[in-house]
Amino acid sequence: MADHLEASVTLPSDPASVSAARAYVLSTLAEWGLPPDTEVADTIRLIVSELTTNAVQHTLGQSPTFTVDLALDRDEHLRIGVTDSHPRFPKRLPAAVQQDNGRGMVIIRWLTAECGGKLRVRPTREGGKTVSIELPWTVPVPAAPEP
């Protein structure tokens with residue numbers, strides 16, 4: 001495989017774009033060698049769902065689109081970032097807060113850490129932000145068929 005692979009898609013900030021982003025990420029990762037029916041793929045599916053849902057729900061109509069960027073470096077590190085044009089960074093809610101939503105960043109942080117990865121939030125030059133994860137790239141070896 002190449003030393004560095006990249007892919008990107010920009011989608012409208014609409015709830016239907018969450019599933020489109022998931023499908024794009026999983027099909028790209030499958031092209032890069034990650035089978036879609038693995039635990040790692042399921043974890044990435046959930047992380048992408050939470051990242052893109054946040055980009056749609058919490059930008060308060062101030063970001064008409066969001067962009068999902070993927071990068072694979074030397075078959076060692078996978079980065080997935082979601083960029084929107086809203087300047088407000090995600091907030092971590094206290095555990096005692098009773099509400100139906102607002103736990104996306106907690107889920108993302110936990111899943112990323114469980115995989116040995118890192119979560120970052122950084123401002124963009126244009127005034128928005130990118131929320132990204134970096135995970136070790138571990139493509140499972142396919143099981144040998146049983147005789």
Check whether any side-chain heavy atom of [X] lies under 4.5 Å from a side-chain heavy atom of [Y], and answer yes or no.
X: Trp32; Y: Leu70; answer: yes
X: Phe66; Y: Val56; answer: yes
X: Val9; Y: Thr67; answer: no
X: Leu46; Y: Ile107; answer: yes
X: Leu135; Y: Ile44; answer: yes
X: Thr38; Y: Thr43; answer: no

Can you tell me how far the [atom1] atom of [X] sits from the [atom2] atom of [Y], to the nearest 0.5 Å?
X: Leu119; Y: Leu111; atom1: CG; atom2: CG; answer: 11.0 Å
X: Cys115; Y: Glu134; atom1: SG; atom2: CD; answer: 12.5 Å
X: Asp73; Y: Leu78; atom1: CG; atom2: CG; answer: 9.0 Å
X: Arg122; Y: Ser132; atom1: CZ; atom2: OG; answer: 4.5 Å
X: Glu6; Y: Arg79; atom1: CD; atom2: CZ; answer: 7.5 Å
X: Thr52; Y: Asp14; atom1: OG1; atom2: CG; answer: 11.5 Å

Exercise for the section: Take atom CD of Glu76 as the centre, draw a 6.0 Å sphere, and report whether it contains more than 12 heavy atoms from other residues, nucleotides or ligands. Expected result: yes
Handout entry: Sequence-distant partners of Asp69, salt bridge (charged side-chain N to carboxylate O under 4.0 Å, His left out), two or more places apart
Key = none
Exercise for the section: Could you go through the side-chain hydrogen bond (donor to acceptor under 3.5 Å, both in side chains) check for Arg120 and Thr130 one step at a time? Expected result: CA-CA 8 Å; Arg120 291 190 178 136; Thr130 299; over 6 Å; no
Show me, pair by pair, the donor-acceptor contacts under 3.5 angstrom made by side chains of residues 15-27, not counting sequence neighbours?
{"unit_1": "Ser17", "atom_1": "OG", "unit_2": "Pro12", "atom_2": "O", "d": "2.7"}
{"unit_1": "Ser19", "atom_1": "OG", "unit_2": "Ala16", "atom_2": "O", "d": "3.2"}
{"unit_1": "Arg22", "atom_1": "NH1", "unit_2": "Ser49", "atom_2": "OG", "d": "2.9"}
{"unit_1": "Tyr24", "atom_1": "OH", "unit_2": "Ser8", "atom_2": "N", "d": "3.1"}
{"unit_1": "Tyr24", "atom_1": "OH", "unit_2": "Ser8", "atom_2": "O", "d": "3.1"}
{"unit_1": "Ser27", "atom_1": "OG", "unit_2": "Ala23", "atom_2": "O", "d": "3.1"}
{"unit_1": "Ser27", "atom_1": "OG", "unit_2": "Tyr24", "atom_2": "O", "d": "3.1"}

Practice task
With Val48 as reference, evaluate Ile108, Leu29, Ile80 under the side-chain contact (heavy atoms from CB on, under 4.5 Å) test and give the passing residue.
Solution key: Ile80
